[in-house]
Amino acid sequence: MRVRFKLNGEPVEVDVEPNELLINVLRERFGLTGTKYACGIGECGACTVLLDGEPVLSCLTLAADVDGHEVVTVEGLAKSGELTPVQRAFIEEGAVQCGYCIPGFVIMAESLLRENPEPTEAEIRDYIRGNLCRCTGYVNIVKAVKRASKYFKLAPPGS
Ligand code: FES
Ligand code: FES
């Protein structure tokens, strides 16, 4: 079946099988390998993307279901080569170890800060509770989200 949707701001179309997963279409058809395949069963958050602005697990989402919708992957966050506040903060806080989980955390952090620009540490930890980091880098990941929230306060998205 043919699926048409917006991917990182551009209209795209692709033929998919009815049971084909979004993560596979993103990685294999569009070469967007920033979205990571880890558990494949909805347990780790590494495959998180934004669907109409809401975080979803692309390993549990059928590609057919994004027809007519908008998907943003980690590759679609930076504009004109300029990192987002969240991406900058992850680098500045040294929050990246092996990096495998990081695209999922970055997407979640973007989503959290759009909803709640000044989260407490407890709110950050609660929001990212579904994302696992096997390098156990949680302390610096939480610091990075906190730092990014200061950037959001200084310059809210779209300002
Ligand atoms: S790969 Fe999707 S939740 Fe783990
Ligand atoms: S940085 Fe290695 S899994 Fe999170």
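Atoms within each ligand, like the ligands themselves, are counted from 1 in listed order.
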Is any protein N, O or S atom closer than 2.8 Å to atom 2 (Fe) of ligand 2, and if so, which?
Cys98 SG, Cys135 SG

Under 2.8 Å from atom 4 (Fe) of ligand 1 - protein N/O/S, by chain and number
Cys39 SG, Cys44 SG

With sequence neighbours left out, what residues match Glu92 under side chain to side chain donor-acceptor pair (under 3.5 Å)?
Arg147, Tyr151

Would you name the heavy atoms of Asn8 and Val72 that are closest together and state the gap between them?
OD1-CA, 3.2 Å

Nearest heavy atoms of Pro117 and Ser149, plus distance in Å
O-CB, 3.3 Å

Backbone of [Y] reached by a side-chain donor or acceptor of [X] within 3.5 Å:
X: Lys146; Y: Pro119; answer: yes
X: Tyr100; Y: Tyr37; answer: yes
X: Asp67; Y: Val3; answer: no

Kindly indicate whether the side chain of Ile141, heavy atoms from C-beta on, has any atom under 4.5 Å from the side chain of Phe90.
yes

How far does CG of Leu57 sit from CG of Leu22, to the nearest 0.5 angstrom?
10.5 Å

Under the side-chain contact (heavy atoms from CB on, under 4.5 Å) rule, collect the residues that match up with Leu51, sequence neighbours excluded.
Val56, Val66, His69, Val71

